[in-house]
There are 2 protein chains.
Amino acid sequence: MGVLLAEVNISEGKNMELIEAVKASIFAGEPVELMDMNSNEDHNRTVFTYKGAPEAVLEATKRLAAKAIELIDMRTHKGSHPRMGAVDVVPFIPVKDVSIEEALVIARKFGAYLGNELGVPVYYYEEAAEQEYRKTLPKIRKGEYEGLEEKMQLPEWKPDEGPESFNAKSGATVTGVRFPLVAFNVNLDTDDLSIAKKIVKAVRAATGGYQCVRAIALPLIDRGIVQVSMNLINYEKTPIHRVFETIKSEASQYGVLVKDCELVGPVPVYALESVLKFYLRVHEFSMDQLYY
Amino acid sequence: MGVLLAEVNISEGKNMELIEAVKASIFAGEPVELMDMNSNEDHNRTVFTYKGAPEAVLEATKRLAAKAIELIDMRTHKGSHPRMGAVDVVPFIPVKDVSIEEALVIARKFGAYLGNELGVPVYYYEEAAEQEYRKTLPKIRKGEYEGLEEKMQLPEWKPDEGPESFNAKSGATVTGVRFPLVAFNVNLDTDDLSIAKKIVKAVRAATGGYQCVRAIALPLIDRGIVQVSMNLINYEKTPIHRVFETIKSEASQYGVLVKDCELVGPVPVYALESVLKFYLRVHEFSMDQLYY
């Protein structure tokens, strides 16, 4: 059975009564599994992460959005995190046996519901984006809630769903589909940041490296070493082991070794499949053999 | 929350009505998750594999055993698989956040229930064995059901629980605790079986190798190569990567490469932790970061 994950960002991180009411709406139907809920007071923002069968996740997300749209008023919202709507960003993330195409169907049903039923302007991003210039969240959200009324009047920022006029209470929502991220850092046994920068250039898409790698170079001051900090945005197309082996190889030309590495935050177990196949050569192994 | 697995072997593999009644008893209480159920007509045997909270697994196993003891009569049982009782073998296997000691408490409660409430003689094996000579299943089961009445009269084969006299209807039950097995095969790019045999000698416990490795050498006739076929009986003490790297190294002295490998059957996800830490150097990684 397919598993889809939703990561819903709403613009309220302090009013626990409101947050609990929104949370309760997730469970008022076919079951989904709440994996994480994170409220940040400074950001004044809460992120709900849950997963389940694609249709169950869609219905839970519609209920959640209806409740958040009802209770949150953007006219009084303040917070340090960029945002443009009460239901700010809703990525749907295929976890297991769900194709990008199936997830897109869910994201578009959700967008149509928000637009047509709740009267909220909707922008599709990432895999759901219909135009390249509207693909990334920062581009869509630039100007934030305060600049939205003006931005929506530009023809190139006409919403994908819902009213073309500004919704002062609810702002606008960005939704779409993205692949699960893997946050992978490689720590180099040197204090020379220029070496980490050269390696970043070698591996990231923007400078000719791997298509699905975003990377920056950082000093780890406390440890006196440097780090290549990465987001792998599609572990099927650009697997962890390949990036790691390339970094080892690139570092070796400077006589630099890899000290250690970090996998940060949640890691989809399916990202380990290619790691196992590469290092243990178990090419017939199926992830269905794993038990927990 | 801790997860314990039970792998219950009963002596019936043909009568589906009986098997279904036994299966139903598993679910007549606090929930456990049935992972696998395998009936074999030739063996005339069914294996139920399920997991859950330790106490839930204990109660499910007590219900299952009571039903199987009620319905199965060993006096008429025939099958090609060695067996000595209606409820033949019941290993409890710690999967997650359950210590061997906690699993032993469950196994002993189960043994006491079988012996005292159901009147079935019980032998403890593997981690639960009280004497070294009674540690392995083949030693306890030698002579099978047909030889049991006589065997039980020997002082060294007095049961650990239950009546000291033969129970003709139910035979005897072997229960205990073992660690999850990992079946791992390494295929060598040679047709020379003597090389696989030398490597088996190098890695298995019986001949001075790793403590928790059982290994044999096999020819893979169809592929024209040879295999080192292994059971890793404790992946924490003797991890997969260490055995694999040793085999690569040992093979190299004969100029032989590893062609590929196989992980066979169910693999506990926790066995991958050391593999990831070794190959990706992610020493701070916690398996709790994985999602499915």
Are any non-hydrogen side-chain atoms of A:V267 and B:F285 less than 4.5 angstrom apart?
-> yes
### Task
Kindly assign one of parallel, tilted or perpendicular to the pair A:Y292 and B:Y292, based on the angle between their ring planes and the thresholds 30° and 60°.
tilted
Turns out that what part of A:M35 lies under 4.5 Å from chain B's heavy atoms comes down to side chain
NZ/B:K197: more than 12 non-hydrogen atoms of other groups inside 6.0 Å = no
Taking atom NZ as the centre, does A:K23 end up with more than 12 heavy-atom neighbours from other residues, nucleotides or ligands that are less than 6.0 angstrom away? no
side-chain contact (heavy atoms from CB on, under 4.5 Å) filter on A:V95, not counting sequence neighbours, yields A:V3, A:L5, A:Y270, B:Y291
Requested in this report: Check the surroundings of atom CZ in A:R63: do more than 12 heavy atoms from other residues, nucleotides or ligands lie under 6.0 Å from it?
Outcome: yes
Is the shortest heavy-atom distance from the side chain of B:F244 to the side chain of A:R281 under 4.5 Å? yes
Applying a strict 4.5 Å limit to non-hydrogen atoms, the region of B:V186 in contact with chain A is neither
Flag the pair B:L272 / A:V275 as yes when at least one side-chain heavy-atom distance between them is below 4.5 Å, and no otherwise.
no
If you tally heavy-atom pairs under 4.5 Å between each of B:P180, B:P268, B:A271 and chain A, the highest tally belongs to B:P268
Discussion item. Surrounding NZ of A:K62 (heavy atoms of other residues, nucleotides or ligands, distance under 6.0 Å), is the total greater than 12?
Written reply: yes
Whatever's closer than 4.5 Å to a heavy atom in chain A on B:K51 counts as side chain
The interface call for B:E284 against chain A, heavy-atom contacts under 4.5 Å, is neither
Margin query: More than 12 heavy atoms of other residues, nucleotides or ligands under 6.0 Å from CD of B:Q211: yes or no?
Written below: no
Turns out that what part of A:K277 lies under 4.5 Å from chain B's heavy atoms comes down to neither
B:D97 meets the side-chain contact (heavy atoms from CB on, under 4.5 Å) criterion, sequence neighbours left out, with none
Okay, A:F184 and chain B: the region with an atom under 4.5 Å from a heavy atom over there is side chain
So CZ of A:F278 and CG of B:L280: to nearest 0.5 Å the spacing works out to 10.0 Å
One option among A:L263, A:L276, A:N185, A:D260 has the most heavy-atom pairs under 4.5 Å with chain B, and it is A:L263
